[in-house]
J.: 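This is the structure I want to talk about, given as structure tokens.
Numbers restart at 1 for each chain; the letters A, B, ... are given by sequence-line order, proteins then strands.
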Amino acid sequence: MFSVRDNKTFNTPRIHSKSFMEFLKAIEEKWQGKWEKAKIFEADPDPKKPKYFITVAYPYPNSPQHIGHGRTYTLADVHARYMRMRGYNVLLPMAFHYTGTPVLAMAKRLADNDKNLIHDFIKVYKIPEEKLKELTDPMAMAWHFHQEIKTGMKEIGYSIDWRREFTTIDPHYNRFIEWQFQKLRQAGYISRGSHPVGWCPKDGNPVGQHDTVGDVEPEIAEFTLIKFKQNNLAFPTATLRPETIFGVTNIWLNPNTKYVKATVDDEQWIVSKECVEKLTHLNRKVKVLETFEGKKLVGHYVENPATKTKIPILPADFVDPKNATGVVMSVPGHAPYDYVALENLGKTPSQLKEYGLTPETIESVKPISLIEVPGYSEIPAADAVKKMNIKEQTDPKLEEATKEVYRHEFHNGKMKPNTGKYSGLSVNEAKEKVKQDLIAEGKATTMYELLNRPVLCRCKTECIVKIVQDQWFIDYGKQEWKALAHKNLDEMEILPEELRSEFNNVIDWLHEKACARKSGMGTRLPWDKNWIIESLSDSTIYMAYYTIVKHIKEHKLQPAQLTDEVFDYVFLGIGKATEIAKKAKLDAKIIEEMHSEFMYFYPLDSRHSGRDLVPNHLTFMIFNHTAIFPEKLWPRQIATNGSVMMEGAKMSKSFGNIIPLREGVAKFGADPIRLSVLSTAELLQDAEFSPAIAKSMRERLERIYKFTSEVAKSSGNAKTSQNLLTAIDRWMLSRLQEHIRKATEAMDKLAVRKTINSVLYMLEQDFQWYQKRIAPQKEKRKNTIECVYRRVLDAQTRMLTPVAPHLCEELWEMMSGKGFVSLASWPTADESMLNTEVEENEALVKDVLEDTLNIIKATGMTPKKIYYYTACPWKWKVYLKMLEKASHGEVKMSEVMKELVAEDDLKKNVKEVANFAQKTLKEVNRMPQDRRERVLKMKALEEKAAIEDAKDFLKQRLKAQIMVYSEEDSQRYDPKNRSILSMPFKPAIYIE
RNA sequence: GCGGGGGUCGCCGAGCAUGGCCAAAGGCGCAGGCUUCAGGAGCCUGUCCUGUAGAGGUUCGUGGGUUCAAAUCCCACCCCCCGCACCA
């Protein structure tokens with residue numbers, strides 16, 4: 001970094017970090033106030049300007065936003081600010097998503113005095129304790145966080161048009177959603193049916209991952225219940241492997257838990273007591289007739305419905321009454337649990353007696369082999385059990401053994417001849433067939449159960465599966481709809497592009513999505529008011545609503561006035577405005593205004609969100625747009641970003657490592673926070689945040705501020721005559737163009753990290769080099785140098801504005817720019833200032849310095865005098881000739897020499913020429929073509945002049961006297977005859 | 001299982017889509033020096049190995065291959081992260 005202290009001409013008052021923080025606070029307030037007053041972010045249709053419409057997924061007001069959220073919003077804001085500087089009429093609006101149950105649930109937890117929640121509210125969210133009571137009202141809570149989030153967005157400086165703010169429970173918005181759903185229904189995309197869901201019987205609500213203790217996703221599987229019969233009494237054994245029915249040797253019941261005899265629909269079943277409630281939730285009619293312990297039935301016989309053999313009921317401790325029916329069929333040949341349980345039983349005759357079983361009964365139960373698997377014996381279960389050395393049926397290793405056997409049998413197993421018509425089928429095929437056949441014959445039925453149970457609801461109740469009846473779905477499974485979604489995606493820009501394939505997959509996977517629930521806030525389904533549209537379904541096309549909400553507010557329209565016909569006209573141009581207006585009792589002009597504003601801003605140019613919304617919200621947005629709007633109004637771009645890591649762990653409430661955004665802004669400043677969340681990672685990756693990063697960003701800004709204010713203070717003129725510019729000035733300006741080009745290219749792809757890198761680091765590096773280089777001439781050329789400074793700072797300030805708008809406004813004002821830098825134009829690279837020659841010359845100086853330092857390092861000497869000898873003209877001639885040849889194919893020594901010798905001036909010293917050509921050959925051949933071309937275009941470099949020009953600088957750096965000669969200079973001092981070693985781009989060096 | 005992303009010099013992290021000034025940017029850390037009343041900060045130098053002349057050697061998950069040339073292209077394998085829904 002440049003040192004202010006080095007600039008003796010400047011007399012800087014030192015700003016301490018603390019006071020710089022105060023300074024930041026002051027300018028944040030100052031500029032936010034000015035922006036608001038000047039209404040510069042309020043965008044209205046302007047036919048003279050191209051528009052750019054950006055939206056970000058609106059926040060959910062159940063907690064303050066933290067720095068992690070800040071990344072997504074900041075990125076969108078940076079995008080908006082950039083496009084504004086590129087001359088677009090940019091609209092960036094914001095709203096709040098009240099829909100759903102979480103706020104309700106949280107308010108309830110607060111009312112119930114949930115300790116963890118209260119702790120978070122007070123300690124993390126810094127909510128005064130006396131306010132908590134107020135927040136037990138869900139609306140008050142939502143409103144509180146809504147305001148909290150909004151204030152945070154203002155404090156960090158987002159360029160939002162707040163006139164368009166709304167919430168998703170505003171009655172006007174409800175009307176809009178009703179219209180949307182009518183449209184979906186008319187298009188045939190709404191369906192109805194029954195659907196199994198994870199369910200908390202206490203709360204009476206579906207549970208998803210976020211509703212469970214430990215955030216586990218309830219995994220629902222369909223078990224086959226095979227009915228083993230004792231006369232008319234059915235023992236429905238629950239299994240995931242119905243094909244093994246041919247190997248069933250017995251039935252297991254847990255002897256020490258409660259079972260019931262019950263009427264289930266039209267049959268009599270034996271199931272565990274716990275199973276009853278589950279069956280009820282699965283919509284079966286259950287009536288319990290009798291309750292008893294499992295041991296009561298041990299020793300009874302039942303009939304295998306597939307083989308008609310009579311098999312005994314035996315006791316087993318591993319049987320979990322809470323899993324499915326609590327009745328289990330035993331396949332000891334292929335199920336490790338059954339195998340071990342049977343062995344255990346055989347070894348405990350005393351226990352047998354207790355259940356009235358004889359050793360002979362057990363003896364007669366032999367494993368049956370029905371699947372053939374390569375690499376296993378007749379009895380795979382036995383193999384696995386032996387391999388893992390499992391002795392007890394309670395051994396947790398049994399879980400793994402089961403999986404192993406299943407994996408092998410499923411992929412490589414074949415049904416044996418004793419499986420009747422399934423003989424020869426793969427297990428994979430037989431499984432489904434057997435199941436279907438048994439069900440068709442009435443010998444089996446199915447039951448949903450959680451695979452990963454126990455799953456506990458946040459309220460600590462164990463979850464079960466419920467079949468929700470007559471659930472409403474949006475049917476994303478429709479092929480013709482998928483085709484439209486693909487079409488939209490194909491035409492859309494996806495940032496980062498890597499995620500496109502994920503979108504493609506999601507579009508293919510999606511099927512019916514339950515779109516309404518019985519509880520929560522939101523909009524009621526217009527045709528079935530018992531249902532409330534859930535949050536992922538009422539947030540798919542609301543970007544359109546931003547374009548009209550301004551008018552709704554302005555004209556104080558009533559929800560009832562927003563009829564479906566009004567929306568049809570506004571969004572789809574259907575009907576006649578005057579007629580519709582009359583019917584809706586509003587002014588036709590208003591409808592026209594809304595329509596034209598919508599048509600001006602739509603389609604959506606860019607949609608921003610976290611990448612976690614790819615498989616749901618973002619894809620739903622695509623689908624819904626294609627269902628409702630004509631193709632030319634489909635979204636144009638999706639930009640997603642990864643999350644923010646806090647010291648290595650994902651920042652999230654459940655980890656308790658969040659920093660609320662407002663706190664971060666207060667502590668480190670708005671611009672440093674903006675910079676921090678965008679500079680450490682590119683879109684796809686997770687970004688790392690830490691106070692240290694924010695602090696170092698702030699310090700960097702502080703240095704820029706200090707430096708700029710010094711330059712601004714000086715009388716320096718922004719203009720200087722071209723012919724006063726020296727090589728190094730031209731070099732700086734040339735480099736500047738390159739950095740502008742790179743930063744712009746990166747911004748166009750929203751590679752903000754790269755932009756910041758160019759503007760803040762790469763440009764800065766060159767700028768520092770420039771300052772070092774001109775240091776010896778500073779006084780003499782003050783005016784010109786300051787002019788270069790100003791040019792660099794002007795471009796840097798503009799390019800930094802989208803990420804650090806507050807500081808940049810301040811810098812801009814200091815440098816006496818006109819108006820707001822937020823509205824200034826983004827710099828464009830001036831091709832005419834690109835200068836390869838000065839860049840090559842400067843590279844030469846750098847190389848020379850580096851080589852010299854390397855020699856000093858290797859020899860350990862302290863130089864007094866350093867001599868440089870630049871290559872003589874004939875070497876350059878040979879070099880360029882060889883380059884020329886090399887650009888047409890590989891150069892061969894013999895060929896080159898032939899040509900070279902033909903030249904009169906080279907003929908004289910053939911030996912030296914050959915020697916030099918030999919040395920150059922490799923370099924010339926391996927040089928990349930674009931560089932060859934560049935060098936050939938420049939011809940020979942004025943090396944001597946270039947080094948001569950940097951003499952003062954080298955002297956200062958190397959603390960030695962510098963002499964520069966041309967190789968052929970007759971006056972040269974060259975005791976060791978080093979000069980002969982000189983090559984183009986590589987002067988010879990002699991150090992004394 | 002299906003799908004997506006990724007493995008780089010102590011750490012973080014560029015570069016790889018357009019192979020070649022790549023021993024590989026930058027930051028952090030570490031070591032030495034300077035500046036400073038001090039704290040912080042700043043500045044300079046070094047930080048894979050070897051080397052008393054600008055050099056050489058070995059590196060970019062593992063193993064192959066393509067090429068005059070591979071961190072970069074191709075193939076196989078190993079390892080890590082994320083998503084799979086009814087919920088924001």
J.: Below 3.5 Å, does any donor atom in the side chain of A:His511 face an acceptor in the base of B:rA85, or the other way round?
T.: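 Yes.
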J.: How do A:Ala988 and A:Leu536 order along RNA chain B: which one's closest nucleotide is nearer the 5' end?
T.: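 The 5'-side residue here is A:Ala988.
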J.: Say we look at B:rG42 and B:rC12: how far apart would their P atoms be, to the nearest angstrom?
T.: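 About 23 Å, rounded to a whole number of Å.
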J.: Go ahead and name the base partner of B:rA69; Watson-Crick or wobble counts if both distances stay under 3.5 Å, otherwise write none.
T.: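 Result: none.
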J.: Look at A:Lys772 and B:rC43 and indicate whether a side-chain polar atom (N or O) is within less than 4.0 Å of OP1 or OP2.
T.: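 For B:rC43, OP1/OP2 do not have a side-chain N/O of A:Lys772 under 4.0 Å.
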J.: Return the 5'-most residue of the pair A:Cys515, A:Arg978 with respect to RNA chain B, ranking by each residue's nearest nucleotide.
T.: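 Residue closer to the 5' terminus by nearest nucleotide: A:Arg978.
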J.: Protein-nucleotides 3-8 of chain B N/O pairs closer than 3.5 Å?
T.:
residue	atom	partner	partner atom	Å
B:rG3	O3'	A:Asn505	ND2	3.0
B:rG3	O2'	A:Asn505	ND2	2.8
B:rG4	O2'	A:Glu502	OE1	3.2

J.: When you compare the side chains of A:Thr523 and A:Asp538, does any donor N or O come within less than 3.5 Å of an acceptor on the partner?
T.: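 A:Thr523 vs A:Asp538: no donor-acceptor pair found between side chains.
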J.: Look at A:Thr859 and B:rA53 and indicate whether a side-chain polar atom (N or O) is within less than 4.0 Å of OP1 or OP2.
T.: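 For B:rA53, OP1/OP2 do not have a side-chain N/O of A:Thr859 under 4.0 Å.
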J.: Suppose you measure atom P in B:rC28 against the same atom in B:rC44; what distance do you get, rounded to whole Å?
T.: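 It works out to 13 Å between them.
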J.: Would you mind reading off the distance between A:Phe503 atom CZ and B:rG83 atom C1', rounded to a whole angstrom?
T.: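 About 12 Å, once rounded to whole Å.
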J.: If we call it a pair only when both distances are under 3.5 Å in a Watson-Crick or G-U wobble match, what pairs with B:rU59?
T.: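 Answer to the pairing question: none, since B:rU59 forms no Watson-Crick or G-U pair.
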J.: Checking side-chain polar atoms at under 3.5 Å, does A:His486 have a donor or acceptor matched by the opposite partner on A:Asp508?
T.: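 Yes, because at least one side-chain N or O of A:His486 sits under 3.5 Å from a partner of the opposite role on A:Asp508.
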J.: Please determine whether a side-chain nitrogen of the Lys or Arg among A:Lys846 and A:Glu842 lies less than 4.0 Å from a carboxylate oxygen of the Asp or Glu.
T.: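 Here A:Lys846 does not pair with A:Glu842 in a salt bridge, since their nearest N and O are not under 4.0 Å apart.
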J.: Measure from the side chain of A:Asn854, starting at C-beta and using heavy atoms only, and say which of B:rA88, B:rA85, B:rA55 lies closest.
T.: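 Output: B:rA55.
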J.: Report which part of the nucleic acid A:Ile991 touches: base, sugar-phosphate, or nothing (heavy-atom distance under 4.0 Å, all strands).
T.: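 It contacts base atoms.
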J.: Check every atom of B:rA88, B:rG42, B:rG54 against the side chain of A:Asp851 and return the nucleotide holding the closest atom.
T.: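 Of B:rA88, B:rG42, B:rG54, B:rG54 is nearest to the side chain of A:Asp851.
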J.: Quick one: label A:Pro496 by what it contacts on the DNA or RNA (base, sugar-phosphate, nothing), any heavy atom closer than 4.0 Å.
T.: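 Nothing, no nucleic acid heavy atom in range.
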J.: My understanding is that a pair needs two contacts under 3.5 Å, Watson-Crick or G-U wobble. By that rule, which nucleotide pairs with B:rA53?
T.: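 For B:rA53, the partner nucleotide comes out as none, under the 3.5 Å rule.
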J.: Where along nucleotides 17-28 of chain B does protein come under 4.0 Å, by heavy atom, of base (B) or sugar-phosphate alone (S), with - for untouched nucleotides?
T.: ---BB----S--
J.: Within the 4.0 Å heavy-atom criterion, would you say A:Leu510 contacts the bases, only the backbone, or no part of the nucleic acid?
T.: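 Answer is base: heavy atoms of A:Leu510 come under 4.0 Å of a base.
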J.: Are A:Lys986 and B:rA55 close enough that a side-chain N or O sits under 4.0 Å from OP1 or OP2?
T.: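 Result: yes.
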J.: Mind checking the P distance from B:rC79 to B:rA23? Whole angstroms is fine.
T.: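 One P to the other, the span is 33 Å.
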J.: Report the distance from atom NZ of A:Lys706 to atom P of B:rA41, rounded to the nearest whole Å.
T.: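 About 12 Å, once rounded to whole Å.
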J.: Please give the distance between the C1' atoms of B:rG20 and B:rA71 as a whole number of Å.
T.: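 Between the two C1' atoms, the distance is 13 Å.
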J.: Work out how far the P atom of B:rG29 is from that of B:rA88, and round it to whole angstrom.
T.: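 Looking at atom P only, B:rG29 and B:rA88 are 45 Å apart.
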J.: In whole Å, what separates the P atom of B:rC78 from that of B:rU62?
T.: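 Result for the P pair: 15 Å, nearest Å.
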J.: Between B:rG6 and B:rG56, how far apart are the P atoms? Round to whole Å, please.
T.: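 Here B:rG56 and B:rG6 have their P atoms 35 Å from each other.
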J.: For A:Phe623 and A:Phe620, I'd like to know if the aromatic rings sit close, meaning centre-to-centre distance below 6.0 Å.
T.: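 No; A:Phe620 has its ring centre 6.0 Å or more from that of A:Phe623.
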J.: Taking a pair as Watson-Crick or G-U wobble with both distances under 3.5 Å, which nucleotide is matched to B:rG83?
T.: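 Matched B:rG83 with B:rC2 under the 3.5 Å cut-off.
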J.: Let me know the distance between CG of A:Leu849 and C1' of B:rC44, rounded to the nearest Å.
T.: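 Result: 12 Å.
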J.: Strictly by modelled atom types, are A:Asn977 and A:Tyr990 linked by a side-chain donor-acceptor pair under 3.5 Å?
T.: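 No, no side-chain donor-acceptor pair sits under 3.5 Å.
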J.: Please tabulate the protein-to-nucleotide N/O contacts below 3.5 Å involving nucleotides 47-49 of chain B, giving atom names and distances.
T.:
none

J.: Between atom CD1 in A:Ile704 and atom C1' in B:rA41, what is the gap in whole Å?
T.: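 It is 16 Å, rounded to the nearest whole Å.
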J.: Please check if the number of heavy atoms outside A:Lys108 that lie under 6.0 Å from its NZ is greater than 12.
T.: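 It does not: A:Lys108 NZ has 12 such atoms or fewer within range.
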J.: Under 3.5 Å for both donor-acceptor distances, Watson-Crick or wobble: does B:rG29 have a partner, and if so which one?
T.: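 B:rU47 - that is the nucleotide pairing with B:rG29, both distances being under 3.5 Å.
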J.: Given side chains that start at C-beta, do those of A:Tyr867 and A:Ser979 come closer than 4.5 Å, heavy atoms only?
T.: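 No, their side chains stay 4.5 Å or more apart.
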J.: So which nucleotide does B:rA14 pair with, by the Watson-Crick or G-U wobble rule with both distances under 3.5 Å?
T.: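 Per the H-bond distance test, none.
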J.: Of the candidate nucleotides B:rC86, B:rA53, B:rG51, which contains the atom at the shortest distance from the side chain of A:Lys513?
T.: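 In terms of side-chain proximity for A:Lys513, the closest of B:rC86, B:rA53, B:rG51 is B:rC86.
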J.: Taking atom P of B:rC86 as reference, at what distance in whole Å does atom CD of A:Glu512 sit?
T.: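 Value for this atom pair: 14 Å.
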J.: Given atom CZ of A:Arg698 and atom C1' of B:rG40, what is their separation to the nearest angstrom?
T.: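 Checked: the CZ to C1' distance equals 13 Å.
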J.: In whole angstrom, give me the gap between the C1' atoms of B:rC16 and B:rU8.
T.: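 Taking atom C1' in both B:rC16 and B:rU8, they lie 10 Å apart.
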J.: So that I can tick it off, tell me whether A:Arg741 and A:Glu745 are bridged by a salt bridge, with the cut-off set at under 4.0 angstrom between side-chain N and carboxylate O.
T.: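 Answer for the salt bridge query: yes.
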J.: Partner lookup for B:rA38, please. Criteria are Watson-Crick or G-U wobble with both distances under 3.5 angstrom; report none if nothing qualifies.
T.: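 Checking every strand shown, B:rA38 finds no partner, since no pair has both distances under 3.5 Å.
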